[in-house]
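When a ligand or atom number is given, it counts from 1 through the structure's own listing order. Just the heavy atoms: all of them, side chains too, but no hydrogens, waters or symmetry mates, feed the values below. Not measured: the values here are computed from a predicted model.
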Amino acid sequence: MINDELKEKVKSFKVEIPSWGFSDSGTRFKVFHIPGAARNIFERIEDAEQVQKYTKAVSAVAIHIPWDKVDDWKALKKFAEDKELKIGAVNPNLFQDEDYKFGSLTNLDDKKRSKAIDHVLECIEIMKSVNSKILSLWLPDGTDYPGQGDFAKRQELLIDSLKKIYSALEKNMTLLIEYKFFEPAFYHTDTADWGIAYALSKDLGDKAKVIIDLGHHAQGTNIEYIVSILSSRGKLGGFHFNSRKYADDDLTVGSVNLYELFLIFVELNKFFDLSSKKLALVIDQSAAMKPKVQAMIQSVEALQIAYLKSLLVDVKSLKEAQLKNDIVMAEEIIKDAFLTDVRDILKESREEMGLDPDALNAFRKSGYESTVAKKRG
Ligand code: PSV
Ligand code: MN
């Protein structure tokens, strides 16, 4: 692909950023305060606006309920739109209420299970108010000890709950089912992997798909293969991008495993034109230590770079090498694309959009962080 085409592709490539990535977060050991970290959804959107201002690569801001709950959803939508932003995926929270100690959508207690279902239905109503089309569902449900629960019974309850949720979706809405193989439950998780999420989405119908979070796999899992399997069956609905070293670390995208990220994009290109919005490409990061807006700009840039590099794969030569079983040449073709420096292309594309070519540095120099640190305390 020639440079001009690459620039047009990356200009149209947009990613959703998470409201929760702008607030203080931490581990079970400590939540450290970052000066100026956003304290409510309005400040989170103000921070998101900064990412948009310097990258023009933000499609929307994903929200988490009740963390981002407001009285007037139309006003929130307008607040975002005034900042060139939309409200994106709505994420129900089924993991922080005492009632969900023994499960949310799988709870044996009818009342507690209904409460969980009602919370998700409330999120669908919020989607209607803010014109969001994506319901992004992650469940903490699982057990800690053998014997604690009946796997099959829990699946039965889960499918039943999901059917109630699914039937409330409007025609153009999509339910994304997110899997995770551990945490907070450690013996078994009800939606442990892509296979279970796939089966559930098949049971439900066309409006249900699977979302892949890069932090939710065992070490060594070949995520790009999962991308291929789900995409070829029409069931890949989106991503939660982040980076991990050990588990669900939620580090900045591309900070540890750039090659994996690139290989995921190589696979995605076979099924989707990522410069048009068919997939919910969402960042899900909330690592504790970095200044939040800077971390988000880094992540957006890591995605843009991985995308650009993936477009450089010489697909024709790769096919020829595969036909000849020339393993070495096939691998070299992939590596050649990965090792090409595309940063100048990204910079030029930013300049053509009237932006500073160095988004991160321009933001760092802007004084925004010290202003909000004073304002927000
Ligand atoms: C769970 O680990 C998860 O990836 C889900 O997407 C949640 O909504 C999100 O993290 C909360 O940070
Ligand atoms: Mn996630």
Side-chain angles (χ1 to χ4, degrees), residues 15-28 31 34 37-38 41 44 47-48 60-69 87-97 100 103-105 116 119-120 122-123 126-127 132 134-142 165 174-186 189-194 196-197 200-201 209-218 221 223 226-227 230 236-253 261 264 279-290 292 295-296 299 303:
V15 62
E16 208 165 302
I17 57 178
S19 69
W20 57 97
F22 295 108
S23 290
D24 280 331
S25 60
T27 63
R28 62 200 166 96
V31 173
I34 302 283
I41 181 61
R44 289 173 198 136
D47 286 358
V61 181
I63 57 172
H64 223 293
I65 311 298
W67 298 339
D68 293 323
K69 205 164 173 172
I87 304 296
V90 176
N91 290 250
N93 185 319
L94 297 173
F95 49 91
Q96 285 187 314
D97 193 296
Y100 305 145
S104 59
L105 299 183
H119 170 61
V120 184
E122 180 198 354
C123 289
I126 294 171
M127 289 167 71
S132 162
I134 303 281
L135 178 66
S136 198
L137 191 65
W138 173 69
L139 295 183
D141 297 26
I165 291 164
T174 303
L175 166 65
L176 297 181
I177 302 174
E178 184 173 353
Y179 58 89
K180 183 175 179 182
F181 76 117
F182 81 111
E183 196 194 46
F186 291 109
T189 300
D190 291 297
T191 38
D193 59 24
W194 71 267
I196 301 171
L200 292 169
S201 70
K209 292 191 172 160
V210 181
I211 180 165
I212 300 177
D213 184 312
L214 299 194
H216 293 188
H217 307 86
T221 301
I223 300 175
I226 299 172
V227 170
L230 289 173
L236 182 66
F239 272 90
H240 269 180
F241 288 113
N242 46 47
S243 192
R244 57 90 74 133
K245 178 66 183 159
Y246 294 103
D248 194 20
D249 307 359
D250 280 345
L251 300 175
T252 319
V253 181
L261 186 65
I264 286 169
L279 272 182
L281 303 174
V282 187
I283 293 173
D284 179 9
Q285 74 185 28
S286 55
M289 307 303 281
K290 281 182 181 170
K292 305 292 173 175
M296 204 62 73
S299 284
L303 289 166

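For the residue pair N242/D284, the side-chain donor-acceptor check at 3.5 Å is not satisfied.
Take the N/O/S atoms of D284: the one nearest the Mn ion (ligand 2) is OD2. Closest N/O/S atom of E178 to the Mn ion (ligand 2): OE2. Per residue D213, closest N, O or S atom to the Mn ion (ligand 2): atom name OD2.
Using cut-offs of 30° and 60° on the angle between ring planes, the pair F239 and F241 is parallel.
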List below, pair by pair, the N or O atoms of ligand 1 and of the protein that are less than 3.5 Å apart, including the distance to 0.1 Å; reply 'none' if no pair qualifies.
from     : atom 1 : to   : atom 2 : distance (Å)
ligand 1 : 2 (O)  : K180 : NZ     : 2.9
ligand 1 : 2 (O)  : H216 : NE2    : 3.3
ligand 1 : 2 (O)  : D248 : OD2    : 2.7
ligand 1 : 4 (O)  : E178 : OE2    : 3.0
ligand 1 : 4 (O)  : D213 : OD2    : 3.0
ligand 1 : 4 (O)  : H216 : NE2    : 3.1
ligand 1 : 4 (O)  : D284 : OD2    : 2.9
ligand 1 : 6 (O)  : E178 : OE1    : 2.8
ligand 1 : 6 (O)  : E178 : OE2    : 2.9
ligand 1 : 6 (O)  : H240 : ND1    : 3.2
ligand 1 : 6 (O)  : D284 : OD2    : 3.2
ligand 1 : 8 (O)  : H64  : NE2    : 2.8
ligand 1 : 10 (O) : D284 : OD2    : 3.3

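Just one of L200, L105, I177 meets the side-chain contact (heavy atoms from CB on, under 4.5 Å) condition when paired with L137; it is L105. Across S299, S243, S25, a single residue satisfies side-chain contact (heavy atoms from CB on, under 4.5 Å) together with Q285, and that is S299.
Between W20 and N91, the closest side-chain pair of non-hydrogen atoms falls below 4.5 Å.
Under the 4.0 Å criterion applied to side-chain N and carboxylate O atoms, K69 and E122 are assigned as salt-bridge partners. A salt bridge between D47 and K292 is absent, with no side-chain N of the basic residue lying under 4.0 Å from a carboxylate O of the acidic one.
Panel note: side chain S132, backbone G88; a donor-acceptor pair is recorded below 3.5 Å.
The Mn ion (ligand 2) has an N, O or S atom of H240 closer than 2.8 Å.
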